[in-house]
Amino acid sequence: MSLPEAVLVWGASGFIGRNVVDALAGKVPMLIGVTASGTPVPGCTQTVAATAVANLPALPAGTAIIHVAAFRYYASQFGKQQQQILAANLAMTEQVYSFAMARGISEIRAASSSAVYPASWAVQDDAIPLDLNDWPHDGEAAYAWSKRWGEITAELWRRRAGIHTISFRLTNPYGPHDTLDEAEAHVATAFVIRAAGEAPEFEVRGDPDAERDFVYAGDVAAAFVESLKLRGVTDVANLAFGETRTVRDLANCAMRAAGRIRPIKLTSPPAAGNRGVKVRRATATKLRQLLPDLAPFRTLDDGMAATLAWYRDALRR
């Protein structure tokens with residue numbers, strides 16, 4: 001199937017949202033960004049504040065929603081901001097589905113998270129249903145439950161209102177449009193900013209041998225776009241590269257992209273940050289079954305090089 005005539009991107013000004021808008025711009029006639037402020041988002045044909053979205057005129061038949069809005073937390077304060085994250089994320093999910101029901105929209109794509117998985121699982125396998133009595137990691141439980149609730153809401157409104165949602169469980173996305181503040185950035189973004197700097201050593205805060213599945217934000221956006229060609233599907237799938245790399249590997253990729261290898265200096269992470277689990281492995285088979293025409297994802301070296309090029313340009317502006 002083809003792409004819909006109109007797409008609303010909830011959270012269009014955020015990290016993933018900006019990448020989704022970049023991927024969709026020029027491909028659909030009507031691309032409406034929904035943001036907290038309503039400030040225009042480059043690439044959108046129109047941007048509206050979330051509080052004013054009900055005032056939009058009638059939308060074309062087959063309009064779809066991409067819901068990537070979320071509370072913008074600071075990496076150094078993640079542990080302390082759990083209550084705010086939970087409250088804000090639940091409210092955004094409620095608003096998206098209320099709008100969809102009011103306008104007769106039946107196709108939603110939503111950003112969930114690999115944080116939904118029980119802390120006890122060695123492999124985050126999307127082929128196995130979640131046991132909601134098996135809790136996520138304590139350090140991010142409120143965030144994880146906000147994403148679990150998003151998936152529960154999707155199933156509820158499939159049954160009650162015929163709304164079809166594909167929820168993508170993002171692993172560790174990185175790439176353009178994240179914060180320019182190195183102190184508050186997620187790990188991959190912080191490393192890119194650090195690699196562009198002139199410090200004699202490359203600082204790694206926390207465990208350099210922790211393993212994560214890093215996925216380039218442009219590839220995340222491509223998956224969202226490709227999924228819009230589906231109709232009548234309700235499902236969940238990991239949006240993952242499919243293999244883990246250590247934080248030390250990530251640091252070395254960032255330095256290779258910058259063309260300057262430096263000694264790694266280990267320091268402690270922020271006290272209020274998310275210490276997480278040692279290893280997070282996620283399967284990626286289901287994503288490829290769901291979206292067989294999705295292009296292969298960038299390697300970490302290629303993705304970090306593209307990210308560094310974007311940040312160098314952004315930091316010059």
Side-chain angles (χ1 to χ4, degrees), residues 7 9-28 31 33 35-37 39-45 47 66 68-70 72-76 111 113 168 170-199 202-205 212-226 239-241 243 245 247-262 294-317:
V7 179
V9 180
W10 235 274
S13 62
F15 168 37
I16 298 300
R18 288 292 304 273
N19 282 277
V20 169
V21 169
D22 285 353
L24 270 174
K27 294 180 180 177
V28 294
L31 181 56
T35 70
S37 67
T39 301
V41 174
C44 290
T45 57
T47 308
I66 294 180
V68 291
R72 177 52 177 147
Y73 61 82
Y74 296 105
S76 67
S113 169
F168 291 112
L170 278 61
T171 52
N172 285 76
Y174 67 94
H177 299 300
D178 202 353
T179 179
L180 297 178
D181 184 349
E182 186 268 339
E184 299 298 351
H186 301 103
V187 60
T189 302
F191 281 10
V192 162
I193 297 171
R194 220 165 285 165
E198 299 298 329
F202 193 96
E203 183 182 8
V204 172
R205 299 167 190 159
R212 296 289 183 269
D213 185 309
F214 298 102
V215 59
Y216 183 65
D219 294 328
V220 169
F224 273 98
V225 173
E226 184 67 19
L239 216 174
F241 186 82
E243 68 178 44
R245 298 288 293 271
V247 172
R248 192 188 303 273
D249 287 340
L250 183 70
N252 285 322
C253 282
M255 288 188 282
R256 282 197 296 272
R260 181 176 171 226
I261 302 298
R262 288 169 271 170
L294 183 64
F297 286 173
R298 291 167 178 79
T299 65
L300 189 58
D301 274 302
D302 288 345
M304 290 296 272
T307 304
L308 181 67
W310 185 90
Y311 270 92
R312 277 181 165 158
D313 181 61
L315 290 166
R316 275 195 297 267
R317 288 188 240 135

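Since the model is a prediction, treat every value here as computed from it, not as a measurement. Side-chain atoms are counted along with the backbone in the values below, which use heavy atoms only and exclude waters and symmetry mates.
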Using side-chain heavy atoms (C-beta onward) and a distance below 4.5 Å, is [X] in contact with [Y]?
X: I66; Y: V7; value: yes
X: F297; Y: L239; value: yes
X: L24; Y: F224; value: no
X: L31; Y: V9; value: yes
X: I261; Y: F202; value: no

Taking every non-hydrogen atom, the tightest pair across [X] and [Y]:
X: Y174; Y: G303; answer: OH-CA, 3.3 Å
X: V192; Y: A254; answer: N-CB, 4.4 Å
X: V68; Y: A111; answer: CG1-CB, 3.8 Å
X: L180; Y: I193; answer: O-CD1, 3.7 Å
X: P173; Y: V220; answer: CB-CG2, 4.4 Å
X: A199; Y: R260; answer: O-NH2, 3.4 Å

Just how far is it from atom OH of Y311 to atom CZ of R194, taken to the nearest 0.5 Å?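 Result: 13.0 Å between the selected atoms.
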
When rounded to the nearest 0.5 angstrom, what distance separates CE in M304 from CZ in F214?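 Reported value, rounded in 0.5 Å steps: 8.0 Å.
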
R256 and D301: CA distance, side-chain angles, deciding distance, side chain to side chain contact (heavy atoms under 4.5 Å, CB included) verdict: CA-CA 8 Å; R256 282 197 296 272; D301 274 302; 3.1 Å; yes

Check: A185 main-chain N/O paired with D178 side-chain donor or acceptor under 3.5 Å: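 A pair under 3.5 Å: no.
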
Residue list, side chain to side chain donor-acceptor pair (under 3.5 Å) with [X], at least two apart or on another chain:
X: D249; value: R245, T246
X: T179; value: none
X: R312; value: none

Y216 ring center within less than 6.0 Å of F241 ring center: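 No, too far apart.
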
Can you list everything that forms a salt bridge (Lys or Arg N to Asp or Glu O under 4.0 Å) with E203? Sequence neighbours excluded, please.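 For E203, the residues satisfying salt bridge (Lys or Arg N to Asp or Glu O under 4.0 Å) (neighbours in sequence not counted) are R205.
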
Residues in salt bridge (Lys or Arg N to Asp or Glu O under 4.0 Å) contact with D302, at least two apart in sequence or another chain: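 If we apply the salt bridge (Lys or Arg N to Asp or Glu O under 4.0 Å) test to D302, skipping adjacent residues, there are no hits.
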
Passing candidate, side chain to side chain contact (heavy atoms under 4.5 Å, CB included) with R212, options L250, N172, T171: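 Looking at L250, N172, T171, the match for R212 under the side chain to side chain contact (heavy atoms under 4.5 Å, CB included) is N172.
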
Could you name each residue pair satisfying side-chain hydrogen bond (donor to acceptor under 3.5 Å, both in side chains) that touches residues 10-25, not counting sequence neighbours?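 Of all non-adjacent pairs touching residues 10-25, those that pass side-chain hydrogen bond (donor to acceptor under 3.5 Å, both in side chains) are W10-Q95, D22-H177.
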
Tell me, with the steps shown, if V215 and L170 meet side chain to side chain contact (heavy atoms under 4.5 Å, CB included). CA-CA 8 Å; V215 59; L170 278 61; 5.7 Å; no

